[in-house]
Amino acid sequence: MSTTFRLESERLYIIRFEPTDAHAEFLVKLFNTPLFIAGEGDTGINTTEKALHQIRDGFIGKAFEKNGHGPYLISLHDGTLIGNVTMMRGDYTAPDVGFALLPEYTGQGYANEAALRLIEYATTSRESGGLGYAGVFGFTSNKNAKSKKAMERLGLENRGAYPLEAFGGHPSAVYVTKGMDEDLTVYGIKEGRLE
Ligand SMILES: CC(C)(COP(=O)(O)OP(=O)(O)OC[C@H]1O[C@@H](n2cnc3c(N)ncnc32)[C@H](O)[C@@H]1OP(=O)(O)O)[C@@H](O)C(=O)NCCC(=O)NCCS
């Protein structure tokens, strides 16, 4: 696992998860706040052991193995861990950005700053050190008002609600970076638009 990856923004660093107790304990803390559970549901990742497994071989380890990108930690410049920002890739040809913060770090634009930096990395050409994607999605439950607001603050365009299979067929709000094709089947979204 690389230990040298780090993206920098004005107030933040975006770094890789490492299989350490500190990172595992942080993941447990982040995934079990009432704010996180209200927005993303209960992941069941509630012990350091389970979190270490996820970092090594679970959704984090597997994402990097398959795609070379996935969930990252967000830290302040002094090293304090405050949340995560994700660039996942499922069945579609474009990846999707996501974010979560500890409640005490919300309301300060940190998710916004981290996600903008990660989108920049994802859409920078491979020759210039990025991931080389033409655009990225943002998916969130259509009922998650805080997340929808955060997606809009990122400048992503709302393309309506879709019953995405990856999210159990529940209505998901689909956001895209500007310039992405109007026809989302181009990216492999086969589910029909609900609204
Ligand atoms: C989604 C989530 C990360 C949003 O957190 P957030 O702090 O509201 O998000 P942002 O970083 O965009 O911050 C925006 C807020 O900071 C304020 N802000 C302060 N300084 C700012 C700055 N420099 N830049 C931008 N916004 C700033 C904004 O006014 C806004 O406040 P408001 O919501 O009261 O209007 C948070 O609710 C969360 O962790 N939820 C649980 C996980 C989840 O549901 N994730 C969504 C799945 S993708």
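One-based numbering, in listed order, for ligands and for the atoms of each.
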> Should the proximity of N144 to ligand 1, defined as any heavy atom under 4.0 Å, be assigned to the side chain, the backbone, both, or neither?
Replying inline: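 Within the 4.0 Å criterion, N144 contacts ligand 1 through side-chain atoms alone.
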
Under 3.5 Å, side chain of [X] to main-chain N/O of [Y], donor-acceptor pair present?
X: E191; Y: E165; result: yes
X: H23; Y: F17; result: no
X: K62; Y: D57; result: yes
X: T80; Y: L76; result: no

For [atom], what's the nearest protein heavy atom and its distance?
atom: atom 25 (C) of ligand 1; result: G109 CA, 3.5 Å
atom: atom 36 (C) of ligand 1; result: L35 CD2, 4.0 Å
atom: atom 10 (P) of ligand 1; result: R153 NH1, 3.7 Å
atom: atom 45 (N) of ligand 1; result: F99 O, 2.8 Å
atom: atom 37 (O) of ligand 1; result: K146 CD, 3.6 Å
atom: atom 46 (C) of ligand 1; result: S147 OG, 3.2 Å
atom: atom 47 (C) of ligand 1; result: E40 OE2, 3.5 Å
atom: atom 17 (C) of ligand 1; result: G107 O, 3.2 Å

>> For Y162 and L194: C-alpha separation, side-chain torsions, deciding distance, then whether side chain to side chain contact (heavy atoms under 4.5 Å, CB included) applies.
In response: CA-CA 5 Å; Y162 290 74; L194 297 170; 5.8 Å; no

Tell me whether [X] has any N or O atom under 3.5 angstrom from an N or O of ligand 1.
X: Y105; result: no
X: F139; result: no
X: M151; result: no
X: A150; result: no
X: Y110; result: yes
X: T106; result: no
X: K149; result: yes

>> Could you check whether E8 pairs with R117 (Lys NZ or Arg NE/NH1/NH2 to Asp/Glu carboxylate O, under 4.0 Å)?
In response: no

>> Less than 4.0 angstrom from a charged side-chain N to a carboxylate O is my criterion; do R16 and E18 meet it?
In response: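 Result for this pair is no, no salt bridge flagged.
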
Residue [X] vicinity, atoms of ligand 1 by number, heavy atom under 4.0 Å:
X: N112; value: 10 (P), 11 (O), 12 (O)
X: G39; value: 44 (O)
X: G98; value: 48 (S)

> Does any donor atom in the side chain of H69 or Y133 lie under 3.5 Å from an acceptor atom in the other side chain?
Replying inline: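 Indeed, the side chains of H69 and Y133 share at least one donor-acceptor pair under 3.5 Å.
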
>> Is it true that N142 and K148 share a donor-acceptor pair across their side chains at a distance under 3.5 Å?
In response: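 Present: a donor and an acceptor within the cut-off.
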
Between [X] and [Y], what is the shortest heavy-atom contact and its length?
X: L12; Y: E113; value: N-OE2, 3.5 Å
X: P103; Y: T33; value: CD-CG2, 3.7 Å
X: V28; Y: N32; value: O-ND2, 2.6 Å

>> Among all the protein's heavy atoms, is there at least one whose distance to atom 40 (N) of ligand 1 comes out below 4.0 Å?
In response: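 Flag for atom 40 (N) of ligand 1 set to true, protein heavy atom closer than 4.0 Å.
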
